[in-house]
Amino acid sequence: MNLPKQHRTWLLCPNYYQMIKNGNLILSQSMTKELGLFVIDDQVEEVAYCPKRFYAKYVEENYPDTCSTPMLQGKFAESILLGSGANGEVVDDLPRKRNGEKTVGQERIEKQMERLYGFMYAHGVRIKPFNTQVRLIAQYSKHVWLRGEFDIFPTLVDGRLSIVDVKTTKDVYSDFFSINDKYVRSSSTHCWGDYAKIAKNQPLFYHHIARNFTKIGLDGMIRFHKEHRDKYEALFAMGDAYDDVGFYFMVAGVGVPNLDDQLVMHEYEYTPSREMLLEALISAATRRIRESIRNQFEPIPTEALCRSCALKDICSQAKI
């Protein structure tokens with residue numbers, strides 16, 4: 001990424017560690033979504049985004065933690081199934097009723113995670129300490145790197161070496177989707193009944209990372225995240241070739257009374273055309289980051305963005 005000369009020193013301050021380090025842009029799939037970029041139905045959809053919110057989340061990293069109920073439930077489910085959520089966060093309980101009893105929602109999640117474990121086990125997935133919540137990084141181009149945290153990798157799915165990403169949703173048959181600013185960020189991650197409309201930023205990133213992380217070597221991976229040394233040593237010791245891994249979403253519906261048919265599996269294949277799709281996504285992300293830097297991360301407020309933003313009470317340009 002060719003950064004403007006006037007920004008290069010400024011951008012290498014410690015606050016930029018997660019995004020820019022030694023002149024290299026480090027991207028995560030969640031960053032591309034915050035930039036208003038969603039891979040839907042094999043094309044990159046560009047919607048409104050706010051550079052100020054992006055700056056708070058991924059540069060200063062001081063965006064207020066506003067964990068919604070679905071997000072909290074998702075972390076709880078991952079903690080049950082995998083031992084922790086992303087970044088090692090553990091949620092071992094949910095808000096109880098006034099009498100201290102579990103809510104119906106919590107009981108559904110606990111039951112469904114037991115069923116999901118059995119569902120995955122039947123497909124060959126094995127959950128072990130070394131292959132859960134694995135942080136990896138891989139070079140994409142000369143100055144661009146991709147990073148991600150893998151729920152389960154590597155494992156087998158029906159005999160194929162694969163990546164597994166666990167998702168919870170209200171109803172796996174929900175097909176509501178809208179590209180409207182008011183809905184796109186939620187509808188593109190919950191319309192499992194219309195799988196083509198689910199945002200695919202994540203599998204594109206993870207396919208590339210899994211195929212290329214070994215190129216920086218064991219020592220390079222350890223420098224990236226020292227706390228995962230044991231996991232990296234296990235990965236490299238396996239000696240497996242990761243150039244043809246599969247990617248599978250394992251999805252559990254947890255918000256409907258009848259859970260019997262609320263477990264589904266979706267495979268996302270990595271084809272030459274989807275490699276080009278990833279290139280388009282990275283190109284759009286770097287362009288929007290350059291624009292944001294050039295404009296010093298000035299906000300671009302919209303009613304839909306501002307309504308959901310934790311900065312709306314302190315942002316002078318918020319449209320609320």
Side-chain angles (χ1 to χ4, degrees), residues 29 39 42 74 77-86 109 111-138 146-169 171-173 189-214 221 228 231-232 234-254 259-275 277-278:
Q29 61 90 19
V39 176
D42 279 344
E78 283 192 337
S79 297
I80 295 173
L81 189 69
L82 307 176
S84 72
I109 293 170
K111 178 181 178 181
Q112 195 69 322
M113 288 307 100
E114 290 181 6
R115 298 179 72 249
L116 179 59
Y117 181 89
F119 177 80
M120 294 195 303
Y121 197 92
H123 285 282
V125 178
R126 300 295 183 266
I127 298 173
K128 302 179 182 295
F130 78 88
N131 73 347
T132 56
Q133 304 299 5
V134 183
R135 294 186 186 182
L136 296 175
I137 191 169
L146 309 186
R147 63 181 174 91
E149 186 164 345
F150 293 55
D151 281 351
I152 309 172
F153 174 74
T155 189
L156 296 178
V157 176
D158 296 332
R160 183 184 183 188
L161 193 65
S162 298
I163 306 158
V164 168
D165 194 76
V166 177
K167 300 293 186 188
T168 57
T169 189
D171 180 357
V172 296
Y173 299 108
T189 57
H190 291 92
C191 56
W192 290 101
D194 187 357
Y195 177 65
K197 297 297 187 291
I198 288 289
K200 308 301 195 312
N201 304 41
Q202 182 180 17
L204 282 177
F205 264 61
Y206 285 18
H207 268 300
H208 177 86
I209 295 169
R211 285 162 170 73
N212 292 279
F213 77 92
T214 58
M221 287 306 311
H228 279 196
K231 296 184 180 183
Y232 298 147
L235 276 172
F236 279 83
M238 290 174 64
D240 286 324
Y242 300 110
D243 56 355
D244 189 33
V245 295
F247 182 102
Y248 293 86
F249 289 111
M250 300 286 186
V251 193
V254 297
L259 301 177
D260 290 344
D261 62 347
Q262 286 288 318
L263 298 175
V264 296
M265 178 174 72
H266 295 283
E267 179 183 4
Y268 187 80
E269 296 182 359
Y270 198 50
T271 62
S273 64
R274 285 176 175 167
E275 288 186 59
L277 189 60
L278 176 60

Is it possible for you to check whether Arg126 lies under 6.0 Å from the centre of the six-membered ring of Tyr121, through NZ or CZ, and within 45° of that ring's axis? yes

Identify, with sequence neighbours excluded, every residue that meets salt bridge (Lys or Arg N to Asp or Glu O under 4.0 Å) alongside Arg160. Asp244, Glu267

Stepwise side chain to side chain contact (heavy atoms under 4.5 Å, CB included) test for Gln133 and Asp151: CA-CA 5 Å; Gln133 304 299 5; Asp151 281 351; 3.4 Å; yes

With heavy-atom distances below 4.5 Å as the criterion, would you say the side chains of Met120 and Thr155 are in contact? no

Centre-to-centre under 6.0 Å for Tyr206 and Phe153, is that the case here? no

Main-chain N/O of Arg211 paired to Asp243 side chain as donor or acceptor, under 3.5 Å: no

Verify, without hydrogens or angle tests, whether Tyr173 (side chain) and Asp261 (backbone) share a donor-acceptor contact under 3.5 angstrom. yes

Any donor-acceptor pair under 3.5 Å linking the side chain of Arg115 with the backbone of Leu259? yes

For Glu275, what residues pass the side chain to side chain contact (heavy atoms under 4.5 Å, CB included) criterion, not counting sequence neighbours? Tyr270

So which heavy atom on Gln112 is nearest to which on Gly253, and how close? NE2-O, 2.9 Å

Please list, chain by chain and in numerical order, all residues satisfying side chain to side chain contact (heavy atoms under 4.5 Å, CB included) with Tyr195, sequence neighbours excluded. Trp192, Ile198, Lys200, Phe249, His266, Tyr268

The single option from Lys231, Met221, His228, Glu149 that satisfies side chain to side chain contact (heavy atoms under 4.5 Å, CB included) with Leu136 is Met221

